[in-house]
> 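Pasting in a structure now, in structure tokens, and then I'll have a few things to ask.
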Amino acid sequence: MSDPTAAATPAAATPAAVTPVAAAAGPGALAGLSVAEAGALLRAGRLTAVELAEHALELVEAHDALLHSFVLVTREQALERARQADRELREGIDRGPLHGIPYALKDIFAAEGLPTTNQSRLTVDDVATADSAVEERLRAGGGVLLGKLTTYEFAMGGPSPDLPFPPARNPWNPEHIPSGSSSGAGVAVAAGFLRVAFGSDTAGSMRGPAFHCGTVGLKPTYGLVSGYGATPLSPTMDHFGPLGWTVADTAAALQAVAGPDPRDPRTRDAPAAPDYLAGLTGDVRGLRVAYSTAWYAADPATLPEITRGIERALTHLEGLGAVVEECELPPYELFNACGRIVMAAEGFATHEKNLREAPREFGRFTYQKLLPGAGIGAEDLRHALDVRRRLAGALDRQVFAGHDVLVTACGQTTAARFDDFPRDWPPPRLANDMQTIPFALTGHPAMSLPLGFAGNGLPIGVQLVGPRFGEAGLFRAAIPLEAEFGRREVRPALTGPA
């Protein structure tokens with residue numbers, strides 16, 4: 001094993017499982033282009049959306065039989081949308097940062113004419129009659145939908161083998177999970193099939209795959225992105241947003257889908273999407289950064305590489321002129337217990353009819369995680385919601401009243417092996433190591449940002465958290481950290497099916 005103290009630094013040796021982007025991308029190095037770079041070439045007429053889409057489709061065809069990130073590839077529809085994007089750009093019609101850019105949706109989002117399978121036997125044949133709000137905005141923004149991405153069943157469950165489609169595999173090492181439930185999104189972006197993908201996060205379902213696959217994953221402020229037309233799990237904890245290969249890619253993707261939607265009352269306080277890209281200067285002078293090591297540093301489950309990576313991140317921000325100060329956080333156990341009660345109660349209520357009438361149609365992991373919600377009474381839920389309000393208020397007073405960003409751990413270990421998942425629930429700690437649920441509970445925006453690799457060659461990262469609708473501050477802090485530690489120049493070395 002390589003020296004863990006060097007693994008997160010930009011000078012660390014490239015892990016054995018990766019190759020430079022240009023080498024992995026093939027002719028034209030198209031996979032190495034960011035959203036902004038590809039967009040500039042599209043607008044200059046030096047690249048076409050059809051070329052981008054065909055290149056992505058070729059990568060998926062060559063490599064996804066092993067990785068299983070897609071449950072549905074919409075080749076013909078994608079090429080038609082790409083041709084339309086090219087026509088519009090030639091005519092001077094510019095629909096925004098994702099115009100002509102390929103993307104894909106976690107298979108809980110409705111897209112008209114396509115099945116929304118939710119990776120479940122219960123809904124595998126359900127065809128959408130209208131677009132979800134996310135797909136509606138992406139279509140209006142000129143994006144090119146390549147298809148649907150695999151998920152844990154109903155955005156819960158786990159990497160279960162008893163579902164309609166095989167679970168996605170981590171592109172850095174297919175013997176390891178990509179985490180979930182937005183597993184296909186994390187895999188497809190890390191593998192270079194896509195620059196951006198869209199998923200959901202109820203307890204960490206975007207940040208987990210981002211952390212374990214080495215991508216950027218943003219859980220926006222609760223209600224910033226509409227969930228209309230997305231399959232619900234826990235309506236007061238469900239968040240919707242982007243995963244991207246870079247911070248700038250993720251900012252462009254958020255800009256395309258954020259903003260109020262009269263069909264989703266959760267978005268009533270959402271501002272119109274600001275120009276997130278304008279703030280990506282790398283200047284963090286005066287940025288007020290809080291940190292606390294209380295949740296992870298003394299926990300033996302936390303890899304030393306992760307603790308040291310976070311320390312380096314804080315030192316780097318301070319060296320660039322940010323004001324870095326320690327803060328006090330409420331106990332993690334309170335957030336975790338409260339979030340689990342709310343999610344279990346709401347998840348059971350969402351799926352109660354099928355749990356009672358067709359329990360054997362659920363995958364094993366999903367059934368085992370949903371059923372405990374039946375035992376949560378009204379008084380238990382009322383108490384949990386009261387605790388939730390107090391915890392959110394404590395974060396606002398103790399952290400965000402005086403700071404723009406909180407830096408803490410996202411995950412405590414690298415991605416678990418598939419073999420780590422037992423036949424009975426719950427899984428071992430190694431398979432459930434994320435510290436993401438607090439901010440899904442409180443609704444604060446939170447980002448998983450890559451910090452390089454651990455000694456075993458698997459990705460590690462850090463979590464950045466902000467005040468409500470403080471996404472711009474997260475992007476501002478993330479840009480210099482990505483430049484110093486993010487290792488965006490390397491990708492997994494992909495192979496075809498065995």
Side-chain angles (χ1 to χ4, degrees), residues 3-12 207-208 210-219 244-248 250-251 279-299 302-327 329 399-400 403-414 433-436 438-439 444-455 458-467 470-490:
D3 177 10
T5 65
T9 68
R207 289 164 290 160
F211 179 83
H212 282 139
C213 293
T215 74
V216 180
L218 177 68
K219 181 199 74 64
W245 181 243
T246 69
V247 173
T250 309
L280 305 183
T281 64
D283 184 359
V284 294
R285 289 173 294 178
L287 188 73
R288 301 166 300 169
V289 178
Y291 75 95
S292 173
T293 63
W295 290 356
Y296 64 90
D299 190 332
T302 306
L303 287 181
E305 293 104 313
I306 292 172
T307 300
R308 291 167 184 158
I310 295 172
E311 291 170 353
R312 290 191 183 95
L314 291 166
T315 299
H316 187 61
L317 289 173
E318 190 169 35
L320 294 175
V323 178
V324 177
E325 299 174 324
E326 190 169 8
C327 69
L329 296 174
V399 181
F400 297 120
H403 299 93
D404 305 299
V405 178
L406 168 67
V407 175
T408 186
C410 188
Q412 294 176 270
T413 71
T414 54
D433 68 324
M434 305 306 297
Q435 293 198 333
T436 50
F439 312 111
H444 292 89
M447 174 191 294
S448 178
L449 181 72
L451 289 182
F453 304 90
L458 294 173
I460 58 173
V462 65
Q463 185 169 206
L464 307 180
V465 189
E471 283 79 4
L474 301 187
F475 292 134
R476 182 183 172 194
I479 284 289
L481 294 179
E482 177 181 66
E484 185 72 8
F485 304 110
R487 303 299 301 277
R488 301 298 80 190
E489 77 279 8
V490 292

> Would you mind reporting whether Tyr296 and Ile310 have side-chain heavy atoms less than 4.5 Å apart?
yes

> Return the set of residues passing side-chain hydrogen bond (donor to acceptor under 3.5 Å, both in side chains) with Thr302 (not counting sequence neighbours), or none when no residue passes.
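With sequence neighbours excluded, Thr302 shows a side-chain hydrogen bond (donor to acceptor under 3.5 Å, both in side chains) to Gln412, given in chain and number order.
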
> Show the numbers, then the answer: is there a side-chain contact (heavy atoms from CB on, under 4.5 Å) between Val462 and Tyr291?
CA-CA 11 Å; Val462 65; Tyr291 75 95; over 6 Å; no

> Side-chain contact test, heavy atoms from C-beta onward, threshold under 4.5 Å: evaluate it for Met434 versus His212 and give yes or no.
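Met434 vs His212: side chains touch.
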
> Sequence neighbours left out, what pairs pass side-chain hydrogen bond (donor to acceptor under 3.5 Å, both in side chains) with at least one residue falling in residues 316-327?
Glu325-His403

> Are Arg488 and Pro450 packed together at the side-chain level, in the sense that at least one heavy-atom pair is separated by less than 4.5 angstrom?
yes

> Mind checking side-chain contact (heavy atoms from CB on, under 4.5 Å) for Glu311 and listing every partner two or more places apart, or none if nothing turns up?
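Once residues adjacent in sequence are excluded, the partners of Glu311 under the side-chain contact (heavy atoms from CB on, under 4.5 Å) criterion are Thr307, Arg308.
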
> Below 3.5 Å, can you tabulate the donor-acceptor pairs from side chains in residues 279-286 to any protein atom, sequence neighbours excluded?
| residue | atom | partner | partner atom | Å |
| --- | --- | --- | --- | --- |
| Thr281 | OG1 | Asp283 | N | 3.2 |
| Asp283 | OD1 | Arg285 | N | 3.0 |
| Asp283 | OD1 | Arg285 | NE | 3.0 |
| Asp283 | OD2 | Arg285 | NE | 3.4 |
| Asp283 | OD2 | Arg285 | NH2 | 2.8 |

> How about Thr408 and Ser292: do any of their side-chain heavy atoms sit closer than 4.5 Å?
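No, every pair of side-chain atoms sits at 4.5 Å or beyond.
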
> I want to check something: taking the side chain as every heavy atom from C-beta on, are Thr246 and Val216 in contact at a cut-off of under 4.5 Å?
no

> How would you list, by chain and number, every residue that makes a side-chain hydrogen bond (donor to acceptor under 3.5 Å, both in side chains) with His444, sequence neighbours excluded?
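Applying side-chain hydrogen bond (donor to acceptor under 3.5 Å, both in side chains) to His444 gives Asp396, Thr442.
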
> For Ala478, which residues count as a side-chain contact (heavy atoms from CB on, under 4.5 Å) partner, sequence neighbours excluded?
Val247, Met447, Leu449, Leu464

> Rounded to the nearest 0.5 Å, what separates atom CZ in Arg288 from atom CG in Leu406?
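Arg288 atom CZ to Leu406 atom CG measures 13.0 Å (nearest 0.5 Å).
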
> Between Gln463 (side chain only) and Ala446 (backbone N and O only), is there a donor and an acceptor less than 3.5 Å apart?
no

